[in-house]
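Below is one structure, written out as structure tokens; comments come after it.
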Amino acid sequence: MSLRRFFLSGLLISGLAAQAQTAPAARPMSQRMTDAFIKWHPDSIVIGNRKTARWDYEQGLMLKALERVWQRTGDARYFTYIQKDLDQFVQPDGSIRTYKLEDYNLDNLTTGHALLLLSQMSVPNPERYQKAAQLLRKQLEGQPRTKAGGFWHKKVYPNQMWLDGLYMAEPFYAEYSKVFQQPAGFDDVAKQFALIEKNLVDPKTGLLYHGYDESKEQKWANKTTGQSPNFWDRGMGWYAMALVDVLDYFPKDHPQRAQLIKDVQRLAPVLTKYQDAKTGTWSLVVDQASRKGNYAEASGSSMFVYFLQKGVRMGYLEQKYAQAAKKGYDGLLKQFVATESGDALAFNGTVSVGGLGGNPYRDGSFEYYLSEPLRKNDLKGVGPFILASVEMEIAAESGLGKGKTVGVDTYFNHESRKSNITGQPEPFHYTWEDRSHGGFYLWGNQFRELGANTVSIPTAPTAASLKGVDVYIIVDPDTKKETANPNFVKPADVQALTAWVKAGGTLVLMANDTSNAEIPRFNTLAQAFGMKFRDVNLNMVKGSQFEQGQVALPAGNAVFKHARKAYIKELAPIEVKAPATPLISQGGNVIMATAKVGKGTVFAVGDPWLYNEYTDGRKIPAEYENFLAGKDLATWLLQQSGRK
């Protein structure tokens with residue numbers, strides 16, 4: 001054990017957390033650690049001592065972390081890594097290289113989240129990712145189950161449910177059920193959590209045992225309860241992350257959603273009870289911190305921080321748990337994050353593995369868990385640390401939008417298309433949910449990470465439909481060529497919105513070039529605030545001559561505090577008179593304008609320039625800062641809200 005203590009003591013990097021706090025120019029920790037990961041694995045994700053890459057749950061964990069960093073930055077490098085990694089495995093027919101359905105191994109489902117991500121995006125041949133996701137879903141159809149209906153962790157582990165399996169399978173299962181509109185899947189997901197709560201929660205401590213053998217035949221299984229003998233931190237961490245992640249997909253009205261939230265609320269005080277008061281971390285065997293040989297472990301501690309902070313952000317947990325999360329995160333920085341050559345990072349202190357049964361046999365004893373070696377830069381620690389870092393970075397800025405609601409109109413703009421996933425009609429163009437090129441998913445995510453709630457408003461604007469809405473965004477009203485029965489702006493709409501703005505609402509008017517938006521009636525609304533979209537098209541970009549769409553965002557303007565250059569093509573300039581004033585002008589034309597009206601604010605621009613195609617970093621050159629400008633605008637809009 002002396003070697004372990006020596007190793008752990010070498011991980012202590014004093015002052016790292018304070019250094020991060022006093023260097024505002026430093027890149028966020030989530031990005032720095034993700035960049036370090038890409039440096040370690042530039043071409044493929046090779047796990048542990050393997051010689052080649054294969055379909056693996058650690059791969060799925062890291063791709064989830066990369067996605068979250070991409071959503072926070074709009075940096076295409078992170079998305080490109082996800083896509084290139086998947087393309088090493090997913091074949092044109094949807095088959096997956098190295099994956100074997102007949103293994104019935106829940107670990108193999110974790111990467112399914114990345115498949116669902118790409119299947120919803122504007123990428124070449126998204127159908128192959130859909131087919132691959134369907135293949136993983138097919139595994140669940142035949143996955144062996146306990147008599148009570150719980151998934152066996154693996155075919156080779158009969159009658160056993162492990163905590164690990166809940167993270168491996170259930171977030172994918174829940175998201176798949178949402179994307180493919182298969183509501184029965186949510187019932188099955190909820191059942192898996194209910195069985196864990198029934199069979200693995202210790203009534204004395206509230207902690208969860210690592211595994212459960214329904215047959216009670218395993219040597220590690222208690223002959224009365226079927227439970228394994230100890231509380232392993234990463235097993236509990238997998239379960240905790242699974243709880244807060246599946247709730248991202250559960251319908252608000254699902255009868256078991258409330259129970260899952262209660263499970264989150266049951267677990268949080270248990271975890272904080274066993275958090276080390278001095279370091280903020282958790283021990284490998286959670287309830288035996290003082291026992292000789294036990295030690296603070298990085299992966300479980302990272303998972304618990306993620307669980308607590310996300311639980312607070314999503315409103316499942318009281319704000320007091322954010323303090324426990326912060327204490328835990330500071331402990332991660334001090335104990336496990338190391339700075340190597342230059343600005344490169346390393347992540348230490350992750351136990352390599354933890355299992356039950358097998359050959360050689362793992363008996364689940366205290367001594368067994370301590371026998372597994374520690375690894376530097378183990379992805380089971382790196383991935384959760386990145387996810388925890390993202391949550392802590394969001395927490396630092398999410399107070400701005402707390403309690404505020406941002407609505408996007410789907411009444412004046414209500415185009416529909418046939419879903420390439422379900423085959424059913426679905427709304428598209430400038431919706432929060434749409435992840436393809438024409439959607440507002442990434443911009444909506446910026447509002448949400450600033451603490452606001454995002455909603456769609458499918459009806460005409462009235463005092464009732466706008467009740468509780470702080471920011472209301474109308475984008476690209478439909479013409480008859482876009483929608484068979486368009487809803488045009490009417491005098492009653494102008495009257496309702498004028499009253500709403502005067503009372504403190506913040507209105508956003510996004511037009512489009514005159515051939516793609518219903519401008520004349522939309523202008524009756526804009527003119528109520530001193531603005532008029534002109535029947536002129538600017539920035540007509542030819543091919544990839546992106547410079548033709550450049551719009552400068554000069555320093556000192558009221559809205560864009562960080563972004564300095566945007567890409568906006570085929571836009572309608574604005575005529576301005578009081579109470580409106582120009583915000584951004586170029587070549588004698590007003591590109592963006594604002595107006596203060598009563599207690600409220602109006603912002604106008606002649607193009608929906610913040611849709612995914614021009615914010616996700618994949619199309620336009622990096623010099624155009626649309627993603628950053630979107631966050632600047634979201635911040636400013638939330639600051640303007642004067643609604644009481």
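It should be emphasised that the depicted structure is a prediction, and the values quoted were computed from it without experimental measurement.
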Check the orientation of Trp232 and Tyr369. Use parallel for under 30°, tilted for 30 to 60°, and perpendicular for over 60°. parallel
Side-chain donor-acceptor pair present, Asp85, Gln59, cut-off under 3.5 Å: yes
Any donor and acceptor pair, going by atom type alone, linking the side chain of Gln182 with main-chain N or O of Gly185 inside 3.5 Å? no
Salt bridge Glu372-Arg362, side-chain N to carboxylate O under 4.0 Å: no
Is Leu379 close to His41 at the side-chain level, that is, under 4.5 Å between some pair of heavy atoms? yes
salt_bridge(Lys326, Asp330) N-O dist < 4.0 Å: yes
Working note: Asp164 + His210, criterion side-chain hydrogen bond (donor to acceptor under 3.5 Å, both in side chains); need CA distance, chi angles, decisive distance, verdict. CA-CA 8 Å; Asp164 319 34; His210 186 182; 2.9 Å; yes
Mind running side chain to side chain contact (heavy atoms under 4.5 Å, CB included) on Ile394 and Gln309 for me, showing each step along the way? CA-CA 9 Å; Ile394 293 172; Gln309 188 58 57; over 6 Å; no
Do Glu433 and Ser456 make a side-chain contact, defined as non-hydrogen atoms from C-beta onward lying under 4.5 Å apart? yes
Decide yes or no for Ile82 and Leu118: does some side-chain heavy atom of the first lie under 4.5 Å from some side-chain heavy atom of the second? yes
Just by distance, with hydrogens left out, do Gln288 and Asn230 show a side-chain donor and acceptor under 3.5 Å apart? yes
Judged by atom type as modelled, is there a donor-acceptor pair below 3.5 Å linking the side chain of Gln88 to the main-chain atoms of Asp43? yes
Modelled atom types, side-chain donor and acceptor of Gln227 and Thr225, under 3.5 Å: yes
Kindly say whether Trp55 contributes a backbone atom to a donor-acceptor pair with the side chain of Thr98 at under 3.5 angstrom? yes
Angle between ring planes, His254 versus Phe250, binned at 30° and 60°: parallel, tilted or perpendicular? perpendicular
Side chain to side chain contact (heavy atoms under 4.5 Å, CB included) with Leu106: of Phe151, Phe172, Tyr167, only one passes, and it is Phe151
Give a yes or no on whether a salt bridge exists between Lys204 and Asp202, defined as a side-chain N under 4.0 angstrom from a carboxylate O. no
Between Tyr361 and Gln218, does the side-chain hydrogen bond (donor to acceptor under 3.5 Å, both in side chains) criterion hold? Intermediate values first, please. CA-CA 10 Å; Tyr361 197 82; Gln218 286 294 316; 2.9 Å; yes
Ignoring hydrogens and angles, state whether a donor on the side chain of Gln120 or Tyr441 is under 3.5 Å from an acceptor on the partner side chain. no
Close side-chain approach of Glu449 and Glu393, heavy atoms under 4.5 Å: no
Over 12 non-hydrogen atoms of neighbours within 6.0 angstrom of NZ in Lys39: no
What I'd like to find out is whether the side chain of Leu86 reaches to under 4.5 Å of the side chain of Thr111, using heavy atoms alone. yes
Against Trp162, only a single residue in Tyr157, Tyr239, Tyr212 fulfils ring-ring contact (aromatic ring centres under 6.0 Å, His included); can you say which? Tyr157
If we count only N and O atoms by modelled type, under 3.5 Å, do the side chains of Ser389 and Tyr329 hold a donor and an acceptor together? yes
Test salt bridge (charged side-chain N to carboxylate O under 4.0 Å, His left out) applied to Glu367 and Arg291, step by step: CA-CA 11 Å; Glu367 291 75 16; Arg291 188 169 174 181; 3.1 Å; yes
Between Asp434 and Arg417, does at least one N-O distance fall below 4.0 Å, as a salt bridge requires? yes
Could you point out which residue of Arg68, Lys64, Lys310 forms a salt bridge (charged side-chain N to carboxylate O under 4.0 Å, His left out) with Asp245? Lys310
Salt bridge present between Glu67 and Arg435 (N-O < 4.0 angstrom): yes
So, do Gln265 and Tyr321 sit near enough that their side-chain heavy atoms are less than 4.5 Å apart? no
Are Leu356 and His153 close enough, and set up right, to give a side chain to side chain contact (heavy atoms under 4.5 Å, CB included), and what steps lead you there? CA-CA 11 Å; Leu356 297 166; His153 187 61; over 6 Å; no
For Asp276 and Thr281, indicate whether the former's side chain and the latter's backbone hold a donor-acceptor pair under 3.5 Å. no
State, without any angle test, whether Asp188 and Tyr173 hold a side-chain donor-acceptor pair at a distance under 3.5 Å. yes
Sub-3.5 Å donor-acceptor pair from the side chain of Gln160 to the main-chain atoms of Asp213, do we have one? no
Does a side-chain heavy-atom distance below 4.5 Å link Thr110 with Trp238? no
Using 4.0 Å as the upper bound for N to carboxylate O, is an ion pair formed by Glu141 and Arg137? yes
I'd like to know if the side chain of Ser301 reaches the main chain of Trp282, judged simply by a donor and an acceptor atom lying under 3.5 Å from each other, with no hydrogens or angles considered. yes
Strictly distance-based, threshold 3.5 Å: is any side-chain N or O of Asn294 a donor or acceptor partner for the main-chain N or O of Val285? yes
I would like to know whether Met121 and Arg618 meet side chain to side chain contact (heavy atoms under 4.5 Å, CB included); could you show each step before the answer? CA-CA 12 Å; Met121 294 185 60; Arg618 296 191 294 143; 3.7 Å; yes
What I want to find out is whether Glu214 reaches Arg145 closely enough, with some N-O distance under 4.0 Å, to be called a salt bridge. no
Working note: Arg266 + Val201, criterion side chain to side chain contact (heavy atoms under 4.5 Å, CB included); need CA distance, chi angles, decisive distance, verdict. CA-CA 10 Å; Arg266 183 201 66 77; Val201 175; 3.6 Å; yes
Is it true that atom NZ of Lys216 has more than 12 heavy atoms of other residues, nucleotides or ligands lying nearer than 6.0 Å? yes
Short side-chain donor-acceptor distance under 3.5 Å, Gln134 and Gln130: no
Before you tell me yes or no, could you show the steps for Tyr274 and Phe304 under ring-ring contact (aromatic ring centres under 6.0 Å, His included), namely the whole-Å CA-CA distance, both residues' side-chain angles and the distance that decides it to 0.1 Å? CA-CA 11 Å; Tyr274 288 94; Phe304 296 152; over 10 Å; no
Please examine the side chains of Tyr209 and Ile196, heavy atoms only from C-beta on, and report whether any two atoms are closer than 4.5 Å. no
